[in-house]
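Some notes on the structure that comes next.
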Protein chains: 2
Amino acid sequence: MTTTVPRRRASISDVARLAGVSVGTVSNVLNRPDRVSPTTRERVQAAIGELDFVPNGSARQLRAGTITTAGAIVLDVANPFFTDVARGIEDRLEEADHTLMLASSDEEPEREARYLRLFEEHGVQGLMVVPATSDVEHLEAIRARGLRVVLLDRPSPSDTLSSVAVDDRAGAGAAAQHLVGLGHERIAFLNGPHTIRQCADRAEGMAAALASAGLDPEHALVEVTIDSLNAEGGQRGTERVLDLADRPTAVMCVNDLTALGALRTLRAAGIPVPSGMAVVGYDDVTFAGELATPLTSVRQPTHLLGYRAADLLLDEDETVVHVTFQPELVVRESTTGTS
Amino acid sequence: MTTTVPRRRASISDVARLAGVSVGTVSNVLNRPDRVSPTTRERVQAAIGELDFVPNGSARQLRAGTITTAGAIVLDVANPFFTDVARGIEDRLEEADHTLMLASSDEEPEREARYLRLFEEHGVQGLMVVPATSDVEHLEAIRARGLRVVLLDRPSPSDTLSSVAVDDRAGAGAAAQHLVGLGHERIAFLNGPHTIRQCADRAEGMAAALASAGLDPEHALVEVTIDSLNAEGGQRGTERVLDLADRPTAVMCVNDLTALGALRTLRAAGIPVPSGMAVVGYDDVTFAGELATPLTSVRQPTHLLGYRAADLLLDEDETVVHVTFQPELVVRESTTGTS
DNA sequence: TTCAGTGTATGAACCGTTTCATCGATGAGG
DNA sequence: CCTCATCGATGAAACGGTTCATACACTGAA
């Protein structure tokens, strides 16, 4: 084995020594090569190659202050909705030669806080976050410390933070209206905790739509809170729905992963969809239309959502902006039956 | 608007001044609180709160040298396979109180190189990467500079880098064998470029399985190279398969997203699955079993893959280790028809 | 010959921490 | 009363870059 692990990473002064110039000159070669004569530049570059020199980002950042990295915290990277958003962010950042550090909070405020702190300590330019709590004081504090913060997928309650969101009330409302139009009068809603704003908004949107259709939300809407917003959560939630007295005829799911779980449980229980139970998802992920029972779902402009968020983050001018996109109900067989 | 953006982030010396102690003491309060008397500690903490002080990670890292962050570069964060791997990594890192910076190379070597450099400059403890190229010299160079590097989802060609992988030859071989057993004698393989090792290995595995079943791989295997390893790529690839003279009777897909695209195209063309064309996927993602035609797929221990990779990265002892997991063929109706 | 101007290179200050040798005060033991 | 640990706090030296005022060497013009 001929690999030799170096005792220490080469520093700029090692390069300077080898090339027979000052550290300032090496720094200039790195950052403003035009201010250095071709001969010197070449000599320095040779030394850099020889020593396999990689500049220390911390040192650079410490002195220069700037960094071209942004952080994003989403609820769950394993959820296609969030990864699509992340791709949108990445694409916009790449255009500006910035890079993204991505992390998932798992809906746990402590985890979110930990990543927020990590990012802040490392001096990211800004943060995009899907808050795990309804309260965003801690984010406002970060903003007050001079970082740019953009709320993802939820409007800002106060007016100090910019946000990019989709109208969740409208999305859930459209879904509810659709179900009512099909004759459903009692609808279960597999939802996450209301501390997550999207969940609260969707519940409200449903209730409002039911009310304006002349139904009493108290009876027409049965909200079932699930612990995790994925397929497993959906399975467990649906089992509880099936046990309900005065069983609902439709189940609305807070996202498509949850709906996937619902479909699974219904199939296992031998209940036909939609005749025995209609199912609606949310997000319209790639595979929603390809399922055994193609899923009616609320489509959101995911990629664009991330893209605009990054856009806002990079925006020079510091005004607070709220962007709201409109969702679109995509109707498929999980509510209408074989077409 | 009462928000005041501070001129400058508070530093440790601001805290020291306000608390009437030295910077060394503040640092001690931060890192070894037990060495500071309760009274002083309290005073310092009050000052920290007052100034809303957040330590500067760059400075800390510059001086202390260490950092508890690892980087991972995968081909595409929007692919469930990679996000599951990422979750495995995150979970293991979290146990060790480390954090993850995640990025996707999009299968582009330049993008990969850019992120590698970024991570290295920022002094991550180690890197886990799914290489976008067959050549890993650049990764060995990083290793030689003292960082830990673990190859993800592919065995190391040389023996200088640790790796965690799934036996791709075996996985593809099992799928091919299964298809041959069903009577297929001409199989299309929607594959990515062979510069990606997994793709090359899977092609080899299929060819070997076909040969050992007594078929001539030259004729029995039609490899169709697709540009992007997702649903769109699968759709376009399948269109090309349908145009082939002597049309294959089965299509093997390099991953489930691709298979999703294949199913889509087949349905649009009115070709029944599997009677008109059998389809096999790879990865066995969450929704594989719930599709209109449940998908036969090769299951890989994704979460475990990431978990073990992070494990290796954190491992104190620096020996080179290769971990290989065995995949498992999950047979469903996309090859066997209605059960 | 002198001088202003230009293009390069220099070296020290600085960024915000950690670390460590040192120092003063305090209390115990002889 | 003196010594010696012990404890808490101090202050300055790193860490590895960037930046900027300054020096130096030429060139061409007056």
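Since this is a predicted model, take the numbers as computed values, not measurements. In the text below, chain A, chain B and the rest are named by the order of the sequence lines, each starting its count at 1. Computed over heavy atoms, backbone and side chain alike; hydrogens, waters and symmetry mates excluded.
- Under 4.0 angstrom from either OP1 or OP2 of D:dT18 there lies at least one side-chain N or O belonging to A:Arg60.
- Residue pairs that meet the salt bridge (charged side-chain N to carboxylate O under 4.0 Å, His left out) test with at least one member in residues 115-124 of chain A, sequence neighbours left out, are A:Arg117-A:Glu121, A:Glu120-A:Arg145.
- Contacts classified as side chain to side chain donor-acceptor pair (under 3.5 Å) and involving residues 302-311 of chain B (residues at least two apart or in different chains) are given here: B:Asp91-B:His303, B:Arg92-B:Asp311, B:Glu95-B:Tyr307, B:Arg308-B:Asp311.
- Put simply, CG on B:Leu62 is 12 Å from C1' on C:dC14, counting in whole angstrom units.
- Judged by distance alone, the side chain of B:Ser228 and the main-chain N or O of B:Asn230 form no donor-acceptor pair under 3.5 Å.
- Residues that satisfy the salt bridge (charged side-chain N to carboxylate O under 4.0 Å, His left out) test with A:Asp135, not counting sequence neighbours, are absent from this structure.
- In this structure, A:Arg32 atom CZ and C:dG7 atom P are separated by 16 Å, rounded to whole Å.
- Distance A:Asn56 CG to D:dT18 C1': 13 Å, rounded to the nearest Å.
- Pairing each heavy atom of A:Gly123 with each of A:Ile67, the nearest pair is O-CG2, 2.6 Å.
- Separating the CD atom of A:Gln61 from the P atom of D:dT19 is a distance of 13 Å, rounded to the nearest angstrom.
- Distance, A:Glu42 CD to C:dA9 P: 13 Å, rounded to whole Å.
- Straight-line distance from the CD1 atom of A:Ile12 to the P atom of D:dG16: 11 Å, rounded to whole Å.
- Judged as a salt bridge (charged side-chain N to carboxylate O under 4.0 Å, His left out), the pairs with a partner in residues 17-29 of chain A (not counting sequence neighbours) are, in order, A:Asp14-A:Arg17.
- Atom CG in A:Leu30 sits about 11 Å away from atom P in D:dT19, given to the nearest Å.
- Among residues two or more places apart in sequence or in another chain, the side chain to side chain contact (heavy atoms under 4.5 Å, CB included) test is passed with B:Ser134 by none.
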Q: Carefully, step by step, assess B:Ile196 and B:Arg154 under the rule side chain to side chain contact (heavy atoms under 4.5 Å, CB included).
A: CA-CA 9 Å; B:Ile196 299 177; B:Arg154 78 117 110 183; over 6 Å; no
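- In this model, the phosphate group of D:dT18 is approached by a side-chain N or O of A:Ser27 to a distance below 4.0 Å at OP1 or OP2.
- By the side chain to side chain contact (heavy atoms under 4.5 Å, CB included) test, B:Thr83 pairs with A:Thr83, B:Pro80, sequence neighbours left out.
- Partners of B:Asp34 under the salt bridge (charged side-chain N to carboxylate O under 4.0 Å, His left out) rule, at least two apart in sequence or in another chain, do not exist in this structure.
- Between A:Arg9 and D:dG16, a side-chain N or O to OP1/OP2 separation shorter than 4.0 Å is absent.
- Close to D:dT18, at under 4.0 Å from its OP1 or OP2, lies a side-chain N or O of A:Asn31.
- The stretch residues 114-125 of chain B does not touch DNA chain D, since none of its heavy atoms comes less than 4.0 Å from the strand.
- Between the axis at the start and the axis at the end of the helix from C:dT1-D:dA30 to C:dG30-D:dC1 there is an angle of 60°, using five pairs per end and rounding to 10 degrees.
- Every salt bridge (charged side-chain N to carboxylate O under 4.0 Å, His left out) that B:Glu90 has, sequence neighbours left out, goes to A:Arg111, B:Arg87.
- Partners of B:Arg35 according to the salt bridge (charged side-chain N to carboxylate O under 4.0 Å, His left out) rule, which considers only residues two or more places apart in sequence or in another chain, do not exist here.
- Between the P atom of D:dG16 and the CG atom of A:Asp14 lies a distance of 8 Å, rounded to the nearest Å.
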Contact list (N/O, under 3.5 angstrom) for nucleotides 7-10 of chain D vs protein:
unit_1: D:dA9; atom_1: OP1; unit_2: B:Ser37; atom_2: OG; d: 2.8
unit_1: D:dA9; atom_1: OP1; unit_2: B:Thr40; atom_2: OG1; d: 2.0
unit_1: D:dA9; atom_1: OP2; unit_2: B:Ser37; atom_2: N; d: 2.9
unit_1: D:dT10; atom_1: OP2; unit_2: B:Ser22; atom_2: N; d: 2.9
unit_1: D:dT10; atom_1: OP2; unit_2: B:Ser22; atom_2: OG; d: 3.2
unit_1: D:dT10; atom_1: OP2; unit_2: B:Thr25; atom_2: OG1; d: 2.7

